[in-house]
> 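Sharing a structure here in structure tokens format.
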Amino acid sequence: MVVASPTKIHSEEHLAIELPTVDLSGDRSMVSNLIVKACEEYGFFKVKNHGVPHDIIAKMEKESFNFFAKPFDEKQKVELAKPLGYGCKNIGFKGDIGEVEYLLLNTNPLYIAESSAVSAYIEAVRELACELLDLMAEGLRVPDRSVFSRLIRDVDSDSLVRLNHYPAMPLLCKDKDSSPCNQNKVGFGEHSDPQILTILRSNDVGGLQISLNDGAWVPVTPDPATFWVNVGDLLQALDWVLDANGTQIYNISFHPAMTNGRFVSVRHKALTNSYKSRMSMAYFAGPPPNARITVPPEMITPTKPALYKPFTWAEFKKAAYALRLGDSRLGLFRMEGDEQVA
């Protein structure tokens, strides 16, 4: 089953707005409630006092820029199992193209042992992701606060790191009456992230935009001292996780609104800059491939029917790779009206 790309609403772009900022050094109860509210309203927020050491971030950024500064032929020699490794302009397998070059890395220590900078960065942002997931569980009043983070700490966690480099793209105008020269090109097209959670940072160059409910695009002001966090598709759908044999391993659905569509998987895109290159570093927190996302019948009510059919992360990822960048992945697994059990 393949669904069409979502209808795009061509609204005027908003000016940059004040998106939620969460200070992780604040009162824990207040912090957890702020995170839940941000996930519900935007699916996107910024964290400061995050605990990731500055030197670890700086070393990772320096090593990343050094890599992208190498000759093209040398970068192509990075040998990793597809779709991991180096790529340029081509995004995915379905013809999506952007003004970007990237390096996609497995977070398993066996694959990154050669780089201490990468290893240290991955370990630090993984801990940040787990702390945020614990805070979400607390804010949702889930008794077992580690119910989300165990998916990431699992030895078989399918988490990834993606380094995106957007070279400066100067725009040339034919004459003074031509289109404005500040219309930057698309570096990475509109999409949502399929995993549970994304931890993102960039250098001090703008380009990231998120889509609001009215279809307008909001520029995100860069802030190298913080991390941006966005809800992924799985966190939007997550209710109950089973292992490959159907045995319950993560019970999070006993909370009547958890989460089954309560959190928002935000759509976003990246534009190039006319004068400066931009680099982003994204940690995608993913569960083990056999983790099964479903809702137990006893937890479904007339007012809270199941929104999504059961699926494993491996099945969801396969579907994601089979679609265009902007297509709705969760739409493939959404219950039809006559299928919703209550």
Side-chain angles (χ1 to χ4, degrees), residues 13-19 21 42 44-48 50 52 54 56-72 74-76 78 85-92 96-105 117-118 121-122 125 128 160-172 180-193 198-211 216-230 232 266-284 325-326:
E13 289 189 354
H14 286 197
L15 295 176
I17 63 173
E18 192 65 30
L19 292 163
T21 298
Y42 295 97
F44 192 83
F45 59 97
K46 181 167 66 174
V47 294
K48 63 180 182 179
H50 44 69
V52 180
H54 174 74
I56 287 180
I57 296 173
K59 288 177 182 177
M60 179 65 172
E61 188 172 85
K62 180 179 179 181
E63 191 159 310
S64 300
F65 270 120
N66 287 343
F67 172 79
F68 288 118
K70 294 179 179 179
F72 179 73
E74 191 171 341
K75 288 181 286 192
Q76 280 191 309
V78 177
Y86 176 75
C88 184
K89 295 196 175 183
N90 294 312
I91 303 171
D96 289 297
I97 296 176
E99 297 296 338
V100 62
E101 59 175 341
Y102 61 87
L103 185 62
L104 193 58
L105 302 172
V118 175
Y121 183 81
I122 288 175
V125 293
L128 174 57
L160 298 170
V161 164
R162 185 182 184 109
L163 309 174
N164 286 329
H165 180 238
Y166 304 94
M169 302 290 294
L171 297 175
L172 302 177
C181 291
N182 59 355
Q183 306 247 335
N184 295 323
K185 296 182 179 180
V186 174
F188 208 106
E190 175 185 350
H191 66 287
S192 62
D193 295 337
T198 301
I199 308 294
L200 174 72
R201 78 171 304 279
S202 70
N203 62 330
D204 196 13
V205 177
L208 178 64
Q209 297 185 353
I210 66 169
S211 178
W217 287 96
V218 175
V220 176
T221 303
D223 184 354
T226 65
F227 283 93
W228 288 101
V229 181
N230 66 269
V266 66
R267 299 184 72 80
H268 51 285
K269 64 182 178 181
L271 303 181
T272 62
N273 187 282
S274 301
Y275 308 103
K276 298 180 180 179
S277 66
R278 176 175 179 267
M279 189 180 67
S280 65
M281 304 189 299
Y283 172 82
F284 301 109
L325 190 63

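Positions are given from 1, in the same order as the sequence printed here.
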> Nearest 0.5 Å, what's the OG-CD distance between S280 and E61?
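Result: 10.5 Å between the selected atoms.
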
> So L163 and F67, side chain to side chain contact (heavy atoms under 4.5 Å, CB included) or not? Walk me through it.
CA-CA 10 Å; L163 309 174; F67 172 79; 5.9 Å; no

> Could you walk me through whether F44 and V218 pass the side chain to side chain contact (heavy atoms under 4.5 Å, CB included) check?
CA-CA 12 Å; F44 192 83; V218 175; over 6 Å; no

> With the threshold set at 4.0 Å, does a side-chain nitrogen-carboxylate oxygen contact exist between E99 and K89?
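A salt bridge is present here (some side-chain N lies under 4.0 Å from a carboxylate O).
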
> Please find the pair of heavy atoms, one from F284 and one from T198, that lie closest to each other, and give the distance.
CD2-OG1, 3.3 Å

> What is the minimum heavy-atom distance between S64 and M281, and which atoms define it?
OG-SD, 4.0 Å

> To the nearest 0.5 Å, what is the distance between CZ on F45 and CG on L19?
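Separation between the atoms: 11.5 Å.
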
> Would you say the side-chain atoms of N164 pair up with the backbone N or O of A282, donor to acceptor, closer than 3.5 Å?
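Not at all, since once roles are kept as given, no pair shorter than 3.5 Å links the two residues.
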
> Any idea which heavy atoms bring A225 and H50 closest together, and the distance?
O-NE2, 3.2 Å

> Answer yes or no: is there a side-chain heavy-atom contact under 4.5 Å between W217 and E190?
yes

> Which atoms form the tightest heavy-atom contact between T226 and V47, and what is the distance?
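Residues T226 and V47, closest heavy atoms: CB-O, 3.2 Å.
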
> Between L105 and I122, is there a side-chain heavy-atom distance shorter than 4.5 Å?
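Side-chain contact under 4.5 Å: no.
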
> Would V161 and M60 count as a side chain to side chain contact (heavy atoms under 4.5 Å, CB included) here? Give the steps.
CA-CA 12 Å; V161 164; M60 179 65 172; 4.3 Å; yes

> To the nearest 0.5 Å, what is the distance between CZ on R278 and OG1 on T272?
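R278 atom CZ to T272 atom OG1 measures 10.5 Å (nearest 0.5 Å).
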
> Tell me, with the steps shown, if T21 and K48 meet side chain to side chain contact (heavy atoms under 4.5 Å, CB included).
CA-CA 7 Å; T21 298; K48 63 180 182 179; 4.2 Å; yes

> Restricting to non-hydrogen atoms, name the atom on D204 and the atom on P222 that form the minimum distance, rounded to 0.1 Å.
OD1-CG, 3.8 Å

> Does NZ in K59 sit with more than 12 non-hydrogen atoms of other residues, nucleotides or ligands closer than 6.0 Å?
no

> Closer than 3.5 angstrom, by distance alone: can the side chain of S211 be matched with the main-chain N or O of R267 as a donor-acceptor pair?
no

> Could you measure the distance from the OH atom of Y283 to the CG atom of L160? Nearest 0.5 Å is fine.
9.0 Å

> Classify the ring geometry between F68 and Y86 as parallel (under 30°), tilted (30 to 60°) or perpendicular (over 60°).
tilted

> Donor-acceptor pair, distance only, cut-off 3.5 Å: does the side chain of R162 make one with the backbone of L104?
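Pair absent, no side-chain N/O of R162 close to backbone of L104.
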
> Which value, rounded to the nearest 0.5 Å, describes the distance between I97 atom CD1 and C88 atom SG?
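Result: 10.5 Å between the selected atoms.
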
> From W228 CH2 over to I199 CD1, what is the distance, rounded to the nearest 0.5 angstrom?
13.0 Å

> Minimum heavy-atom separation for N230 and H268, please, with both atom names.
ND2-CE1, 4.1 Å

